[in-house]
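Have a look at the structure below, then the notes.
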Amino acid sequence: MVQRGSTRPAESGGLLSRLFGRNAGSSRPANAKAALDLPDIQGFILRGYKMPMVRHFLLTVGVPAEARKLLGRLVSGNEADAPQITTAEDWHVGFEPGPGDNPAGSPRRKPDYCLNLGITWPGLVALEIRDRVPALSFKSFGAFIAGAAERAKLVGDTGESGPQHWIGGFGTGGDHVLVTLHALNPEAMTAYSERLSALFAEGGAFREIWRADGMALMEVRDGQSVPTFKVHFGYTDGISMTTIDGGPERYPPDHQQPCEPWLFVLRDDAENYLMPEPRELGLNGSFAVFKMIRTDVVGFEAFLQSNKDKIDPELLAAKMCGRWRNGVPLMLSPDSDSPEGGLASAQLNNFEYVNADGSGDPKGLRCPVGAHMRRINPRGQPVTGQGQPGGSNNTHRLIRRGLPYGPVYDPAQPDDGIERGLLGYFINSSIENQYEFVLGHWVNDSEFAGKVRLNPKSKDPMIGTQDPAESIFVIPRANGEAPIKITGFSSFVTTRAAAYCFLPSITAVRFIARLG
Ligand code: HEM
């Protein structure tokens, strides 16, 4: 019998303070190998900004020389001239002192915006970087050069999710530069958007071909509308966040080993790629997959209800994800989203699937091996492409920087015709070895779990590319009870847009601007 309580995990207010709170600080362990050049690295690679709204602008290059010049203005340090790209340093670089700061000291106040930049391969060509830099080479990064549309099949972006259906000019070759503006409030969003739009148009530098907004889902608490970490299927997100050895971000400690920095920042000590050339362009950069993913909330809720004779709808939702919708992980509380005594928010990510001695939940009796979270970060579970039981299997990790788009779903108005989904970046240093590997081998394949044999047709039940004629999600049960088999469901997500982007360092943007 499933117990279901209305209480949120203990200290759930911590989620909100994580959304808006300042980081605990940027001091780093004295580990020289991990030293990251924070002022040179774009901020969103290493830090979640915890701002409630975002706007993405897709630009096509108009006049290349003007476009290069404009990019330079975004890293000039002169904020009066143009909003500045946000770096990974704690809040101050590129920002004028804010209210409450001591103008004589280093301003530390959280800014009201953050700005970032991604450039596709067609973008680098259109900016004439290929023409002007004969040494240019992205030798280890064939996927980036091929682009999201050409690689779509490898990650399950087929059928309705295929590039032929993408919106906004994505995948057509005119998708050159993505500018991403986070803001603390609507006024800041409007003000910086207007400044940016005017700058893009100056001298015909860029044409804006598409824009989209994301925003934290709001809920009313104590009569006040407050932002949450929820996503549209009703789950709490933003709990398992990738930490980087030497990085500035401090999440509540969990048992997972921090990742090697080269997995997310292009560095000379990388084990599986050569730095793009010239080095000035590559060093301290990264890559990201920008994605707009529509979520079929109505279909998802109907699916949960349609299986209620087999399994409680909330338990099914938890088994599909790996967490109850309130964020409590199945590994720590398999039967209830409200474990006795509560669960501190700092504990929500403190678990393992399989321990070093093979104990834990190797067969998926608590959390199915095929659940979304367990496929996408199998932790200590030995799977295709990684590992020892209990090992720190970090080679294929991703950093997620996304926000929902569309308003909170109202079950009383299921057919409101409004599109909802997730919008943002999956960041990694190797799109092949991280993003594509995970989606190709773990999400959309059944063979990934080594000795644990999953149904050959099974895929990630939440985000896998499903064919109702053969889709299956098997939920193993303890005490020799027969597993529950859920079949005949469609995909709950559709890719609406995707782009493979290079995230240049500040030095690289200056290099581009200096090309004249
Ligand atoms: C709209 C589609 C999606 C929804 C609703 C969704 C939802 C979720 C939820 C609720 C969690 C657990 C929250 C947490 O632990 O922080 C999660 C974890 C995660 N998701 Fe997704 N997700 C979606 C798409 C994707 C895609 C396309 C990817 C990868 C390309 C992805 C990668 C991850 C990763 C890496 C984790 C963390 C797992 C861990 O570290 O344990 N998700 N997702």
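Just so you know, these numbers come straight off a predicted model, no measurement behind them.
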Original post:
Is the backbone of Ala183 close enough, under 3.5 Å, to the side chain of Tyr49 for a donor and an acceptor to pair up by distance?
Top reply: no
Subject >> OG1-CG distance between Thr180 and Leu503, expressed to the nearest 0.5 angstrom >> reply: 9.5 Å
**OP:** Taking atom NZ of Lys363 as the centre, report whether more than 12 heavy atoms of other residues, nucleotides or ligands fall under 6.0 Å from it.
**Re:** no
Original post:
Is it true that a side-chain atom of Arg477 and a backbone atom of Pro483 form a donor plus acceptor pair closer than 3.5 Å?
Top reply: no
**OP:** May I have the step-by-step check of side chain to side chain donor-acceptor pair (under 3.5 Å) for Gln347 and Asn350, ending in yes or no?
**Re:** CA-CA 5 Å; Gln347 291 306 311; Asn350 197 357; 3.2 Å; yes
Original post:
Under a 4.0 Å N-O cut-off, is there an ion pair linking Glu470 with Lys457?
Top reply: yes
**OP:** Please confirm whether Tyr500 and Phe287 have ring centers closer than 6.0 angstrom.
**Re:** no
**OP:** Take Arg323 and Asn349 through the test side chain to side chain donor-acceptor pair (under 3.5 Å) and record every step on the way to the result.
**Re:** CA-CA 10 Å; Arg323 294 189 191 275; Asn349 206 33; 2.9 Å; yes
Original post:
Closest approach of Arg401 and Leu46, non-hydrogen atoms and distance?
Top reply: NH2-C, 3.4 Å
Original post:
When you look at Ile463 and Val443, which way does the side chain to side chain contact (heavy atoms under 4.5 Å, CB included) test go after all the steps?
Top reply: CA-CA 8 Å; Ile463 67 161; Val443 165; 3.9 Å; yes
Subject >> Pro456 side chain near Leu454 side chain, heavy-atom distance below 4.5 Å >> reply: no
Subject >> Ring center gap for Trp121 and Phe502 short of 6.0 angstrom >> reply: no
Original post:
Looking only at heavy atoms, what is the nearest atom pair of Gln466 and Ser471, with distance?
Top reply: OE1-CB, 3.5 Å
Original post:
How would you list all residue pairs meeting salt bridge (charged side-chain N to carboxylate O under 4.0 Å, His left out) that involve residues 416-437, not counting sequence neighbours?
Top reply: Arg151-Glu436, Asp416-Arg420, Glu419-Arg496
**OP:** Give a yes or no on whether the backbone of Gln224 and the side-chain of Asp222 come within a donor-acceptor separation of less than 3.5 Å.
**Re:** no
Subject >> Polar contact flag, side-chain donor to acceptor under 3.5 angstrom, Asp245-Gln257 >> reply: no
**OP:** Would you check if the side chain of Trp324 reaches a backbone N or O of Pro329 as a donor-acceptor pair within less than 3.5 Å?
**Re:** no
Original post:
So, the side chain of Arg55 versus the backbone of Leu181: is there a donor-acceptor pair under 3.5 Å, distance only?
Top reply: no
**OP:** Could you walk me through whether Lys291 and Tyr435 pass side chain to side chain donor-acceptor pair (under 3.5 Å), step by step?
**Re:** CA-CA 12 Å; Lys291 264 199 141 167; Tyr435 171 80; 2.9 Å; yes
Original post:
Under a 4.0 Å N-O cut-off, is there an ion pair linking Asp361 with Arg374?
Top reply: yes
Original post:
What is the minimum heavy-atom distance between Pro334 and Leu315, and which atoms define it?
Top reply: O-CD1, 4.0 Å
**OP:** Could you please spell out the steps behind the side chain to side chain contact (heavy atoms under 4.5 Å, CB included) verdict for Ile486 and Ile311?
**Re:** CA-CA 9 Å; Ile486 309 285; Ile311 179 169; 4.1 Å; yes
**OP:** Any chance you could measure Met218, atom CE, to Ser225, atom OG, to the nearest 0.5 Å?
**Re:** 4.0 Å
**OP:** Rounded to the nearest 0.5 Å, what's the gap from OG1 on Thr384 to CG on Asp445? Could you check?
**Re:** 7.0 Å
Subject >> Shortest non-hydrogen separation from Met51 to Leu403 and the atoms involved >> reply: O-CD1, 3.8 Å
Subject >> Side chain Asn377, main chain Met373, donor-acceptor under 3.5 Å >> reply: no
Subject >> Euclidean distance, Cys321 SG relative to Leu330 CG, rounded to 0.5 Å >> reply: 8.5 Å
**OP:** Look only at the side chain of Ser458 and the backbone of Asn455, and say whether a donor-acceptor pair between them is shorter than 3.5 Å.
**Re:** yes
Subject >> Beyond-backbone contact of Ile427 with Ser286, side-chain heavy atoms, under 4.5 angstrom >> reply: yes
Subject >> Contact check, side chains of Phe290 and Phe426, non-hydrogen atoms, under 4.5 Å >> reply: no
Subject >> Worked verdict on Met320 versus Phe233 for side chain to side chain contact (heavy atoms under 4.5 Å, CB included) >> reply: CA-CA 11 Å; Met320 290 170 79; Phe233 292 142; over 6 Å; no
Original post:
Between the side chain of Gln434 and the main-chain N/O of His396, is any donor-acceptor distance below 3.5 Å?
Top reply: no
Original post:
What about the rings of Tyr405 and His56, do their centers lie closer together than 6.0 Å?
Top reply: no
**OP:** For Val408 and Asp410, run side chain to side chain contact (heavy atoms under 4.5 Å, CB included): C-alpha distance rounded to whole Å, both residues' side-chain angles, the deciding distance at 0.1 Å, then the answer.
**Re:** CA-CA 6 Å; Val408 177; Asp410 175 0; over 6 Å; no
Original post:
Does Ser359 offer a backbone N or O that forms a donor-acceptor pair with the side chain of Glu352 under 3.5 Å?
Top reply: no
**OP:** Determine, stepwise, if the pair Trp210 / Phe170 fulfils ring-ring contact (aromatic ring centres under 6.0 Å, His included).
**Re:** CA-CA 9 Å; Trp210 177 86; Phe170 282 90; 4.9 Å; yes
Subject >> Side chain proximity check, Leu348 to Leu343, heavy atoms < 4.5 angstrom >> reply: yes
**OP:** State which residues pass side chain to side chain contact (heavy atoms under 4.5 Å, CB included) with Thr158; sequence neighbours excluded, sorted by chain then number.
**Re:** Lys153, Thr465
Subject >> salt_bridge(Arg325, Glu314) N-O dist < 4.0 Å >> reply: yes
Original post:
In terms of side-chain heavy atoms, does Thr120 have a donor or acceptor partner in Asp175 at a distance below 3.5 Å?
Top reply: no
Original post:
Looking at side-chain heavy atoms only, is the closest gap between Glu160 and Arg294 below 4.5 Å?
Top reply: yes
**OP:** Would you give the length of the straight line joining atom CD1 of Ile45 to atom CZ of Phe264, rounded to the nearest 0.5 angstrom?
**Re:** 11.0 Å
Original post:
Any donor and acceptor pair, going by atom type alone, linking the side chain of Thr242 with main-chain N or O of Leu398 inside 3.5 Å?
Top reply: yes
Original post:
Which atom pair, heavy atoms only, marks the closest approach of Gly282 to Met275?
Top reply: C-SD, 3.6 Å
Original post:
Which residue pairs pass the ring pair (Phe, Tyr, Trp, His ring centres under 6.0 Å) test when at least one of the two sits in residues 330-353, sequence neighbours left out?
Top reply: Phe351-Tyr353
Original post:
Would you call Leu263 and Asn428 a side-chain contact if the rule is heavy atoms closer than 4.5 Å?
Top reply: no
Original post:
Tell me, do Glu301 and Tyr409 make a side-chain contact under 4.5 Å, heavy atoms counted?
Top reply: yes
Original post:
Between CD1 of Ile376 and CZ of Arg397, what distance do you get to the nearest 0.5 Å?
Top reply: 11.0 Å
**OP:** Would you indicate whether the side-chain heavy atoms of Ile431 and Phe141 approach each other to under 4.5 Å?
**Re:** no
